[in-house]
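Remarks on the structure that follows.
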Number of protein chains: 2
Amino acid sequence: MTSDKTIGRLSLYRRLLNELLAGGAKYVYSHHLANEAGVTAAQVRRDLMAVGYNGSPSHGYDVSELVESIRSFLDAPKGQGVALVGVGNLGRAILAYFNGRRPHLSIVAAFDSDPHKVGRVVHGCYCHPIEELPRIVAEKHIGVAIVAVPANEAQELAETLVRSGVRSLVNFVPAPLHVPPHVYVEDVDITTSLEKAAYFARGGAVREEVLP
Amino acid sequence: MTSDKTIGRLSLYRRLLNELLAGGAKYVYSHHLANEAGVTAAQVRRDLMAVGYNGSPSHGYDVSELVESIRSFLDAPKGQGVALVGVGNLGRAILAYFNGRRPHLSIVAAFDSDPHKVGRVVHGCYCHPIEELPRIVAEKHIGVAIVAVPANEAQELAETLVRSGVRSLVNFVPAPLHVPPHVYVEDVDITTSLEKAAYFARGGAVREEVLP
DNA sequence: GCTAGCCTGTGACAAGTTTCACAGCGTGAG
DNA sequence: CTCACGCTGTGAAACTTGTCACAGGCTAGC
């Protein structure tokens, strides 16, 4: 029922709220959070309906309580293990990016088919041979996988992952993956993003914010 | 008038069509292309209305003509230069990713504020000091910039880029950039993508908490 | 030459998402 | 105490995006 886009914004709100918390703020109004996030106040309030936390009309939202509500809504109760497949340039950058930062959502295993990479520890993560993927994914109850392999290996890999029990993929390959309906795919397509940006660089982009 | 999402799909269609072309296909039907792209046939036809190319009811679309039509619709007539700012792990991966592959949309300059990176050639791209950004962007008529710097430098950088004449940003920083309305921002937020994937990995339907 | 079949292009409709607008309430000023 | 204010939560309107369904037309086979 809760939409894709709402989930994405909740993730963003949480990060912004954590910053506010670090800055010492105790309460926050929807319009303030909206301004930080670049959306409207009504949208923030609508999104927060999904998590079920109620703010006070006089002070707004209690920042730490709201963070906790979003956390219990978004995060799996027991944490969630993530597998990274493909330890090339992009895979290594992703590992570095997430390294240690996220306790509840960490990359617990890396895989590659290249024997030169297998056995190495990359940014704190051991690289297993791709053949062991089904066993390790099952043993560690990994539900999410990041696909960062060459394009021609992606579809076969996706099928292996799904057979091994993965429920959700983050796909960095610029080609659509064909998976059964119960599997969620989040595409991160840098090529398309760049081409969109190039298209809108000419012609008119219409946004509403201004420089602070 | 043509929406964001249509542009993204056109970029995808073009890549799929190029693959078909490489495979020797001469004609393609909307339902075939739709199947490759993971969308419906009606959507493909609707999207292609934007580019103005007409297929034939009997053979479908002429692949190479269609590719050419999409190209002339999407790409800037004289090509488009792209700047990359931030030559860290992610920036280097992006450089490697795009290296040489795209003639009409190539990264023509890289920038970093770290003196250790300045002057080095990374994946075929010279790294300039950040201070020279306004001059080089103006001289090379760069309209698109990729933002891959630490989060706390992103907003200031965005303002510098906009002042230097950049019209469009691809933002890899997990925080929204505040820019004037004429500037387009394409967010590529890996953190949010992963959190979305994690959310949908569990049934999604099964909410653990109900009303208090 | 005619009919059956399948395709495209597109108006009309449906679904999904965002914004509007207002009731209701707690707070602080007078 | 009372009033006015400004905020939240939410039904309903507005807008955006995707799908349906069919007219029109080319082709193939008879």
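Below, chain A is the first sequence line, B the second, and so on; all start at residue 1.
Applying the ring-ring contact (aromatic ring centres under 6.0 Å, His included) rule to H128(A) yields the partners F111(A), Y126(A); only residues at least two apart in sequence or on another chain are considered. Shown here are the side-chain hydrogen bond (donor to acceptor under 3.5 Å, both in side chains) partners of S58(A), two or more places apart in sequence or in another chain: S56(A). Residues meeting the side chain to side chain contact (heavy atoms under 4.5 Å, CB included) test with P181(A), sequence neighbours left out: none. Taking R45(A) as the reference, nothing meets the salt bridge (charged side-chain N to carboxylate O under 4.0 Å, His left out) condition, with sequence neighbours excluded. Under the rule for a ring-ring contact (aromatic ring centres under 6.0 Å, His included), the partners of Y29(B) that lie at least two apart in sequence or sit in another chain are H31(B).
The side chain to side chain donor-acceptor pair (under 3.5 Å) pairs that include a residue from residues 139-150 of chain B are R135(B)-E139(B), where partners are two or more places apart or lie in different chains. Annotation: side chain to side chain donor-acceptor pair (under 3.5 Å) contacts involving residues 9-28 of chain B, sequence neighbours excluded, comprise D189(A)-R15(B), T192(A)-S11(B), T192(A)-R15(B), E195(A)-S11(B), E195(A)-R14(B), R9(B)-D47(B), S11(B)-R15(B), Y13(B)-D47(B), R14(B)-D75(B).
Separation of atoms CG (L161(A)) and OG (S168(A)) is listed at 11.0 Å; rounding is to 0.5 Å.
A nucleotide of DNA chain D counts as in contact with chain B when one of its atoms lies under 4.0 Å from a heavy atom; the first and last such, 5' to 3', are dT17(D) to dT27(D).
Across residues 47-58 of chain B, M49(B), Y53(B), N54(B), G55(B), S56(B), P57(B) each have a non-hydrogen atom less than 4.0 Å from an atom of DNA chain C (numbered order).
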For residues 89-98 of chain B, tabulate all N or O donor-acceptor pairs below 3.5 Å that involve a side-chain atom, not counting sequence neighbours.
{"residue": "N89(B)", "atom": "OD1", "partner": "R92(B)", "partner atom": "NH2", "Å": "3.3"}
{"residue": "R92(B)", "atom": "NH1", "partner": "V87(B)", "partner atom": "O", "Å": "3.1"}

Throw together a table of side-chain donor-acceptor distances under 3.5 angstrom for residues 60-67 of chain B, partners on residues two or more places apart or in other chains.
{"residue": "D62(B)", "atom": "OD1", "partner": "S64(B)", "partner atom": "N", "Å": "3.2"}
{"residue": "D62(B)", "atom": "OD1", "partner": "S64(B)", "partner atom": "OG", "Å": "3.2"}
{"residue": "D62(B)", "atom": "OD1", "partner": "E65(B)", "partner atom": "N", "Å": "3.0"}
{"residue": "E65(B)", "atom": "OE1", "partner": "Y53(B)", "partner atom": "OH", "Å": "2.9"}

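In this structure, NE2 of H59(B) is placed 11 Å from C1' of dC7(C), rounded to the nearest angstrom. The separation between R45(A) atom CZ and dC22(C) atom P is 14 Å, rounded to whole Å.
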If you restrict it to nitrogen or oxygen atoms, what contacts under 3.5 Å exist between nucleotides 14-17 of chain C and the protein, and what is each distance?
none

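Backbone-only engagement by S30(A) is indicated by non-hydrogen atom pairs under 4.0 Å involving sugar-phosphate atoms exclusively.
Checked by distance alone, R46(A) brings a side-chain donor or acceptor within 3.5 Å of a matching partner on the base of dT19(C).
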